[in-house]
Every structure is written in structure tokens, then in C-alpha cells.
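Notes follow once the structure below has been shown.
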Amino acid sequence: MQSVVTYEKPLPHLTLPDWDARLYGLQVTADTRRADAFDLRYSSYQLRNETKIKTDWDSYHNNNRLRARVYEIEQWKSTLQELLERLDREMAALKEEKASTERELEQLNMPLLVCSECLSNRDGRMSSELTYDLADTELKKELCVTESNKKMLIDRCQSAWEKINKLEVVKFKLQLDLNDKNETLQIDKDMLNLDKDCANITYKTDSLKTPRRMITYDQWLQKCEATKKMAIDELQDTLRLRESLFVARGRARNALRAQTDVTNYMMRRRIYETQRARNELQWQKMKMEENMDRLATELKTIGEQFADKVNALKVAETRLETRGYRPGIELAGDEADIGMKEEVRNLRETIRQLQEKQDCAKATYNALEAASIKIAIDLGDKEQSLETDTRALEMRAALEPKKPTGTDKNLILASIEDEVPKMEG
């Protein structure tokens with residue numbers, strides 16, 4: 001099979017001007033393309049430098065911002081941590097003050113019981129000794145002071161309990177804020193250490209989104225300041241409350257001590273007055289019994305004299321009556337008759353006087369005996385009252401504070417009793 005030979009149509013020949021124009025056009029095109037390539041390379045180099053510098057500076061500024069943020073959060077964390085430690089110390093001190101106040105409150109049960117027992121015992125006094133004396137008044141005042149102190153300390157303990165609950169709430173908020181700041185610090189420090197060479201960097205779907213919980217920096221600062229102010233205010237209130245607890249205990253102790261001293265003085269004064277009245281009554285009773293004994297002797301003597309005078313009167317009347325039987329003219333009113341009649345009249349007057357004196361002596365004796373019985377009853381009442389007051393005063397000896405002796409006294413004088421461990425048993 002024979003091949004077919006084809007011939008291309010030759011291009012037309014260019015003229016010399018056309019050839020020059022074509023060459024010029026190619027030169028212009030090449031120059032333009034080189035210029036465009038140069039401009040592109042230069043602009044690309046400039047863009048690379050500018051973007052690298054901008055990226056480096058943005059990274060540098062953001063790292064500085066992160067460092068500043070970490071430093072600021074650490075400062076706030078340090079502040080809140082210090083406040084939390086102070087809060088723990090204040091809570092421990094407040095609990096100790098509350099426990100001391102409760103112990104002081106329990107110690108008021110003894111004065112209350114002793115005072116009530118003293119009043120009950122003194123109400124058992126007899127007759128005229130059951131009086132509203134100064135000792136009774138001071139005992140009732142002491143009872144009122146004890147009840148007032150007890151109510152005051154109960155109110156202080158209630159306030160301390162409420163304050164402890166508030167401090168627990170504040171402590172919880174501080175701990176929650178500290179936990180948030182610790183977590184934030186960990187996140188910011190991790191982000192500060194993160195760079196383009198790390199393995200855990202990826203594209204995020206919407207990195208520019210704003211979380212719903214996000215707040216502004218001013219709001220965050222206001223919340224931090226509010227938390228700090230809340231903690232400081234609670235610490236100041238706790239300090240004032242601890243001082244008020246200490247002052248309340250001292251005031252209650254001093255008021256009760258002063259009233260106890262006044263009551264003890266009035267009790268001793270009442271005992272002294274009762275002893276003086278008892279001694280006076282004992283002396284009066286002794287003198288009364290002596291007079292009664294003398295009067296009884298006198299009554300016996302008067303009775304003997306009365307009997308003697310009665311017998312003498314009988315003799316005189318018998319003699320006078322018998323001489324009236326004389327016979328005849330012998331029945332004359334002689335000197336003997338006149339003398340006997342005078343003797344009878346004198347004896348009758350004497351007997352009448354002795355009878356009156358005996359009746360008067362008996363009445364006096366009866367009056368002395370009645371007065372002696374009254375004195376004995378009153379003396380018994382005073383003995384019972386004296387015994388009651390003495391027993392009450394002995395009972396009140398339990399209210400006297402125990403005075404330290406030996407080493408304990410030296411420790412108290414040196415103000416180091418809390419530094420030395422207590423020995424049990």
C-alpha cells in the first residue's frame with residue numbers, strides 16, 4: 001500500500017518591519033512578565049515579612065497579656081487564700097470563745113441553784129423571823145443578776161452560732177472562688193506554654209464565639225472586690241463579736257461577784273444581828289428566870305407569913321372570944337380586951353395586905369412566866385433562823401472562787417498558764 005505524502009502550506013514571509021515589530025512585541029511582553037513576577041515576588045516577600053512580624057507581635061502581646069492575667073489571678077488567689085486562712089483562724093477563735101461562754105453559762109447553774117436553795121431555806125424561818133430583811137432582798141437581787149447574766153450569755157452564744165454559720169457560707173464561697181481561680185490559672189498557664197509546635201493544636205469550629213457565661217472584666221473585678229469586701233466585713237464582725245463575748249463574760253462574772261459579795265455581807269450582818277438579838281434574849285431569859293426564882297421564894301415566904309398571921313389571928317380571936325365569957329362584973333373592957341381587939345384588927349389588916357401582896361406576886365409571877373415562854377419561843381425562832389442563815393452562808397462558800405496556790409499562782413502572775421500543758425488526774 002503506497003503512502004500519501006502531504007505538503008504543508010508554507011507560512012507567508014514577513015516583511016522586515018513586521019519582523020521588527022514582532023520582535024519588539026515579544027520583548028515588551030517578556031519585560032512585562034518579568035516586571036509582574038518581580039512585583040509579585042516583592043509583594044509576597046513583603047506580605048510574608050509583615051504577616052510574620054504581625055503574628056510574632058500578636059503572639060508576644062497575647063503572651064504578655066496572659067502573663068499579666070496569670071499574675072493578677074495569682075495576686076487575687078493569694079489575697080483570697082490569706083482571707084481564707086484568716087477566716088479559719090477567726091472561726092477557730094470564735095468557736096473557742098463560744099465554748100468558753102458556754103462553760104461560763106454552765107457555771108451559772110451553781111450560783112442559781114445555791115441562791116434558790118438559800119431563798120427556799122430562809123422561807124422556812126418561823127414566826128416573826130420570816131421578814132423581808134436586807135439579806136433576803138440581796139438574795140433576790142443576786143437571783144435576778146444571775147438570770148440576767150444567763151440570758152445575756154445565751155443571746156451571745158446564739159449570736160456566735162449564727163455568725164459561725166455565716167462564716168461557713170463565706171468560707172464555702174471563698175473556697176469555690178479559689179477553686180475557680182486555680183482552674184483558671186492552670187488553663188492560662190497551659191495556654192501560655194502552648195505554641196505552634198505543640199501536638200494538641202487543631203482547628204475549632206467557632207473559636208470566636210462568646211460563651212453565655214462570659215462576663216466583662218469590670219464585672220469580674222467587681223465580683224472579686226465584692227468577695228474580698230464580704231470576707232473582710234465578716235472578719236471584722238467576728239472580731240467585734242469575739243470581743244463582745246469576752247466582755248460579756250467578764251461583765252457577767254464581775255456583776256455576779258459584786259452581788260455575791262454584797263449578799264454575803266448582808267448574810268453575815270443578818271447573822272450578827274440575829275446573834276446579838278439571841279444573846280439579848282438569852283440574857284433576858286436568864287434574868288427572868290432569876291427573878292422568877294426570887295419571886296417564887298418570896299411567894300413561899302409570903303405564904304408562910306400569911307399562914308403564921310392566920311394562926312396568930314386565930315389565937316387572938318380565940319382569946320378575945322373566950323374572954324367574952326367572963327362572969328359578972330369581970331366582963332370589963334380592960335386594957336387586955338382593948339389590946340386584943342387592936343391586935344385582931346391589926347392582924348386582919350396585915351392578912352389583907354399579905355393577901356393582896358400574894359395575889360400581886362402571883363400575877364407578877366404569871367406575867368414573868370408568860371413573858372419567859374414568849375422569850376423562849378422567840379429564842380427558839382431566832383436559833384432556827386440563825387441556824388438557817390449559817391447553813392445558807394456555809395452553802396454559799398461553794399461560790400467563792402478558788403485561789404491558786406504554788407506553781408499555779410506563779411503561772412498566772414507570769415501570764416503563761418496557757419503555755420504549760422495541763423496535768424490530768
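Quick caveat, the model's predicted, so the values are computed rather than measured.
No donor-acceptor distance shorter than 3.5 angstrom exists from the side chain of Ser148 to the backbone of Cys144, with no hydrogens or angles considered. Looking only at distances, no side-chain donor or acceptor of Glu104 sits under 3.5 Å from a matching main-chain atom of Arg253. Counting only distance, with no hydrogens or angles, the side chain of Ser59 and the backbone of Asp56 share no donor-acceptor pair below 3.5 Å. One N or O on the side chain of Asp195 and one on the backbone of Cys198 form a donor-acceptor pair closer than 3.5 Å. The backbone N or O of Asp58 lies less than 3.5 Å from a partner atom in the side chain of Asn62, making a donor-acceptor pair. Under the 3.5 Å distance criterion, the side-chain polar atoms of Ser372 are left unmatched by any main-chain donor or acceptor of Leu368. A distance-only check finds a donor-acceptor pair linking the side chain of Asn109 to the backbone of Glu106 [under 3.5 Å]. Here the side chain of Ser78 pairs no donor or acceptor atom with the backbone of Glu74 at under 3.5 angstrom.
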Apply the test side-chain contact (heavy atoms from CB on, under 4.5 Å) to residues Glu142 and Val145: give CA-CA distance (whole Å), side-chain angles for both, the deciding distance (0.1 Å), then the verdict.
-> CA-CA 5 Å; Glu142 182 178 344; Val145 168; 5.5 Å; no

side-chain hydrogen bond (donor to acceptor under 3.5 Å, both in side chains) evaluation trace for Ser100 with Arg103 = CA-CA 5 Å; Ser100 300; Arg103 288 194 295 269; 3.0 Å; yes

Audit row: Lys151, Glu147, salt bridge (charged side-chain N to carboxylate O under 4.0 Å, His left out) steps and yes/no | CA-CA 6 Å; Lys151 183 178 183 302; Glu147 289 288 349; over 6 Å; no

Before giving the answer on salt bridge (charged side-chain N to carboxylate O under 4.0 Å, His left out), spell out for Glu298 and Lys357 the whole-Å C-alpha distance, their side-chain angles and the decisive distance to 0.1 Å.
-> CA-CA 10 Å; Glu298 188 65 26; Lys357 186 61 66 177; over 6 Å; no

How far apart are the C-alpha atoms of Glu72 and Arg69, what are their side-chain angles, what is the distance that settles it, and do they pass the side-chain contact (heavy atoms from CB on, under 4.5 Å) test?
-> CA-CA 5 Å; Glu72 184 179 15; Arg69 182 61 175 170; 3.5 Å; yes

Verify side-chain contact (heavy atoms from CB on, under 4.5 Å) between Lys181 and Cys224, making sure each step is shown before the conclusion.
-> CA-CA 11 Å; Lys181 282 179 171 49; Cys224 291; 3.5 Å; yes

Would Lys309 and Gln305 count as a side-chain hydrogen bond (donor to acceptor under 3.5 Å, both in side chains) if you check the C-alpha gap in whole Å, the side-chain angles of each, and the deciding distance to 0.1 Å?
-> CA-CA 6 Å; Lys309 293 298 183 290; Gln305 292 291 328; 3.1 Å; yes

Determine, step by step, whether Thr260 and Arg257 satisfy the side-chain contact (heavy atoms from CB on, under 4.5 Å) criterion, reporting the C-alpha distance in whole Å, the side-chain angles of both residues, the deciding distance to 0.1 Å, and the verdict.
-> CA-CA 5 Å; Thr260 300; Arg257 182 71 262 167; 3.4 Å; yes

How far apart are the C-alpha atoms of Glu225 and Lys228, what are their side-chain angles, what is the distance that settles it, and do they pass the salt bridge (charged side-chain N to carboxylate O under 4.0 Å, His left out) test?
-> CA-CA 5 Å; Glu225 292 288 349; Lys228 177 182 176 182; 5.0 Å; no

Decide side-chain hydrogen bond (donor to acceptor under 3.5 Å, both in side chains) for Asn179 and Glu183; before the verdict, give the C-alpha distance in whole Å, the side-chain angles of both, and the deciding distance to 0.1 Å.
-> CA-CA 6 Å; Asn179 292 335; Glu183 187 175 354; over 6 Å; no

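Put simply, CD1 on Ile215 and CG on Leu221 are 10.0 Å apart, with the number rounded to the nearest 0.5 Å. To the nearest 0.5 Å, atoms CG (Leu281) and NZ (Lys382) are separated by 5.0 Å. To the nearest 0.5 Å, atom CE of residue Met266 and atom CZ of residue Arg269 are 5.5 Å apart. For the atom pair Leu119 CG and Leu139 CG, the distance stands at 5.0 Å (nearest 0.5 Å). Atom CD1 of residue Ile271 and atom OG of residue Ser385 lie 9.0 Å apart, to the nearest 0.5 angstrom. Atom OG1 of residue Thr146 and atom CG of residue Leu256 lie 4.5 Å apart, to the nearest 0.5 angstrom.
Shown here for Ala248 and Met152, the closest heavy-atom pair between the two residues is O-CE, 3.6 Å. In plain terms, the two heavy atoms of Thr388 and Asn121 that are nearest each other are CG2-O, 3.3 Å. In this structure, Leu40 and Ser43 approach most closely via the heavy-atom pair O-OG, 3.0 Å. Residue Leu143 comes nearest to Ser116 through the heavy atom pair CD1-OG, 3.8 Å, listed as atom of the first residue, atom of the second, then distance. For Leu185 against Val70, the heavy-atom pair with the smallest separation is CD2-O, 3.5 Å. Of all heavy-atom pairs between Ala160 and Leu245, the closest is CB-CD1, 4.1 Å.
In this structure the side chain of Leu299 never reaches within 4.5 angstrom of the side chain of Phe306, judged on heavy atoms. The shortest side-chain heavy-atom distance between Leu167 and Lys163 falls under the 4.5 Å cut-off. Residues Glu138 and Asn264 are not in side-chain contact: their nearest non-hydrogen atoms beyond the backbone lie 4.5 Å or more apart. Residues Leu47 and Thr51 are in side-chain contact: their nearest non-hydrogen atoms beyond the backbone lie under 4.5 Å apart. Side-chain contact between Asp237 and Lys166 is absent, with no heavy atoms from C-beta onward closer than 4.5 Å. Between Leu178 and Gln81 the shortest side-chain heavy-atom distance falls below 4.5 Å. Within the 4.5 Å cutoff, the side chain of Thr350 has no heavy atoms near those of the Leu313 side chain. Met191 places a side-chain heavy atom less than 4.5 Å from the side chain of Leu194.
At a threshold of 4.0 Å, the pair Lys173-Asp177 does not count as salt-bridged, since none of the basic side-chain nitrogens sits closer than that to a carboxylate oxygen. Residues Arg86 and Glu82 are not paired through a salt bridge, judged by the lack of any N-O separation under 4.0 Å between the basic side chain and the carboxylate. Contact check on Asp133 versus Arg125 returns a salt bridge, with a Lys/Arg side-chain nitrogen under 4.0 Å from an Asp/Glu carboxylate oxygen. Comment: Lys171 does not engage Glu234 in a salt bridge, judged by the lack of any side-chain N to carboxylate O separation of less than 4.0 angstrom. In summary, Arg156 and Glu97 do not engage in a salt bridge, as defined by a charged side-chain N under 4.0 Å from a carboxylate O.
Among the candidates Asn254, Asn149, Thr101, the single residue satisfying the side chain to side chain donor-acceptor pair (under 3.5 Å) test with Arg249 is Thr101.
No side-chain donor-acceptor contact under 3.5 Å links Arg276 and Asn279. A side-chain N or O of Gln355 and one of Asp359 form a donor-acceptor pair less than 3.5 Å apart.
Annotation: Trp220, atom CH2; neighbour count of heavy atoms from other residues, nucleotides and ligands within 6.0 Å is above 12. For CE of Met286, the number of neighbouring non-hydrogen atoms (other residues, nucleotides, ligands) closer than 6.0 Å is greater than 12. Other residues, nucleotides and ligands contribute only 12 or fewer heavy atoms inside 6.0 Å of the CZ atom of Arg251.
In this pair, Tyr60 and Trp57 present their aromatic rings perpendicular. The plane angle is above 60°, beyond the 30 to 60° band.
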